[in-house]
Engineer: 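I have a structure I would like to understand better, so I am pasting it below and will then ask my questions one at a time.
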Amino acid sequence: MEVVILKSADEVAVYAAKLVGVLLKLRPDAVLGLATGSTPQALYRRLVTDYREGKISFKDVTTFNLDEYLGVAPDNPQSYRSYMNRELFDLIDIDKQNTFLPACKEDENPREVGQRYEEHIQSAGGINLQILGIGANGHIGFNEPSSSLGSRTRVKTLTQQTFHDNSRLFSSDEFQPTLAITMGITSIMEARKILLLATGAGKADAVGRMIEGPITAMCPASILQMHERVTVLLDEQAAAQLQNRDYYDWTWLQNESLKKRFGVPDDS
Ligand code: PGA
């Protein structure tokens, strides 16, 4: 794992946008795996700015989101489809026909939706770069603690903690779902490169367990230790519980200077 610790959430967003920009320069038709939640919002704002300044284009990009609520229609403002349109898709030059979420219509079987989503990702050539957040309980996507590390896209029940964490986004008279369709842990692990963003003190414990704890289904993000190409971008607060902090800082400095000297390309 490459662990990059930056001063602020803002710097995390700027650096993450830079990595996405490098990929899109090399591969204008990249397949991106996208996440929702509060953390990637700053990244999406940055990408919109870079697009408006003519630095990047999403014209030929395809996207697959990690998850979507079950029982929330796409045009409901609470759906992740609405979130993605609002935060990113409506603000850039992406062809919305090439943007996908594992949404399940009322008359569809969620199991089949999950299987089709997997096939769809495969037929698009797989994901070049997967953006991830992490839950305070260590979840990635909606793969909650105890999710099978071998899981594929399927229905998951949110934990009470996730339900509670997300309740700030719902008003008291609004339906708040407890079910979602999420890419599985194995589906996520098939991405060629993974970029996980975590900011704020609320993530420090989960980040510590993900990077330095044992690999366990009780912290689904810990499986990322088994992926060859993961970059974890943290602000100071999210990095606060890391024991091995000096080493991450030192390694990152070495890698940056190697890239400067040899121009090591990111071949995602
Ligand atoms: P957050 O969610 O970015 O809203 O904290 C992250 C996640 O639950 O994966």
Side-chain angles (χ1 to χ4, degrees), residues 6 8-13 15-17 20 32-47 63-70 72 77-84 86-88 101-102 127 129-147 149 151 153 156-170 176-185 187-189 191 194-211 217-224 227 230-241:
L6 300 167
S8 64
D10 233 32
E11 285 191 14
V12 166
Y15 193 78
V20 174
L32 298 179
L34 298 178
T36 50
S38 327
T39 314
Q41 279 175 317
L43 163 63
Y44 296 151
R45 275 198 293 274
R46 207 61 231 180
L47 290 176
T63 66
F64 289 92
N65 264 78
L66 284 167
D67 41 28
E68 178 59 286
Y69 287 128
L70 201 59
V72 176
Q78 293 289 3
S79 73
Y80 284 164
R81 162 57 73 185
S82 296
Y83 168 107
M84 288 310 304
R86 204 166 48 233
E87 301 290 330
L88 188 64
L101 290 93
I127 289 173
L129 177 67
Q130 175 68 57
I131 308 290
L132 291 179
I134 181 171
N137 63 6
H139 73 206
I140 45 177
F142 273 129
N143 295 286
E144 300 285 29
S146 80
S147 287
L149 298 179
S151 52
T153 307
K156 278 299 291 180
T157 305
L158 278 49
T159 59
Q160 296 94 318
Q161 182 181 351
T162 301
F163 185 80
H164 176 261
D165 289 349
N166 290 352
S167 63
R168 70 189 193 283
L169 305 168
F170 291 81
Q176 187 186 347
T178 54
L179 298 175
I181 299 192
T182 180
M183 272 167 64
I185 294 178
S187 339
I188 292 171
M189 288 291 283
I194 293 179
L195 181 58
L196 184 143
L197 316 180
T199 55
K203 300 297 170 67
D205 176 64
V207 164
R209 289 190 293 127
M210 163 178 68
I211 298 173
M218 292 312 288
C219 178
S222 63
I223 192 67
L224 299 178
H227 195 285
V230 178
T231 297
V232 179
L233 289 184
L234 306 172
D235 68 356
E236 287 286 348
Q237 291 182 319
Q241 290 186 28

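Whatever order the structure lists ligands and atoms in, that order sets their numbers, starting from 1. This one's a predicted model, so the numbers in the text were calculated from it and none came from an experiment.
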Engineer: Which heavy atom of Met183 sits nearest to which heavy atom of Gln130, and what is that distance?
Structural biologist: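 Looking at all heavy atoms of both residues, the shortest contact is CE-OE1, 3.6 Å.
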
Engineer: Any idea which protein heavy atom is nearest atom 6 (C) of ligand 1, and the distance to it?
Structural biologist: Ile134 O, 3.5 Å

Engineer: Donor-acceptor check, side chain of His164 to backbone of Thr159, threshold 3.5 angstrom: yes or no?
Structural biologist: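 Side chain of His164 to backbone of Thr159: no pair is present.
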
Engineer: For ligand 1, which atoms, with element, lie under 4.0 Å from some heavy atom of Arg168?
Structural biologist: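 Under 4.0 Å from Arg168, ligand 1 has these atoms: 4 (O).
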
Engineer: Please state which part of Thr162 comes within less than 4.0 Å of ligand 1, counting heavy atoms only: side chain, backbone, both or neither.
Structural biologist: neither

Engineer: So, applying side chain to side chain contact (heavy atoms under 4.5 Å, CB included) with Met210, which one of Ile134, Ile140, Val230 is it?
Structural biologist: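 Answer to the side chain to side chain contact (heavy atoms under 4.5 Å, CB included) test with Met210 among Ile134, Ile140, Val230: Ile134.
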
Engineer: Compare every heavy atom of Val72 with every heavy atom of Pro177, then report the nearest pair and how far apart it is.
Structural biologist: CG-CG2, 3.7 Å

Engineer: Is ligand 1 less than 4.0 angstrom away from at least one heavy atom of His139?
Structural biologist: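 Right, His139 reaches ligand 1.
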
Engineer: Report yes if Lys203 has an N/O atom closer than 3.5 Å to an N/O atom of ligand 1; otherwise report no.
Structural biologist: yes

Engineer: Would you check if the side chain of Asn137 reaches a backbone N or O of His139 as a donor-acceptor pair within less than 3.5 Å?
Structural biologist: yes

Engineer: I need the nearest protein heavy-atom contact for atom 3 (O) of ligand 1: residue, atom name and distance, please.
Structural biologist: Thr39 OG1, 2.5 Å

Engineer: Kindly compute the distance separating CD1 (Ile188) from CG (Asn143), expressed to the nearest 0.5 Å.
Structural biologist: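 Ile188 atom CD1 to Asn143 atom CG measures 5.0 Å (nearest 0.5 Å).
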
Engineer: May I ask you to list the atoms of ligand 1 that are less than 4.0 angstrom from any heavy atom of Ser38?
Structural biologist: 1 (P), 3 (O), 4 (O)

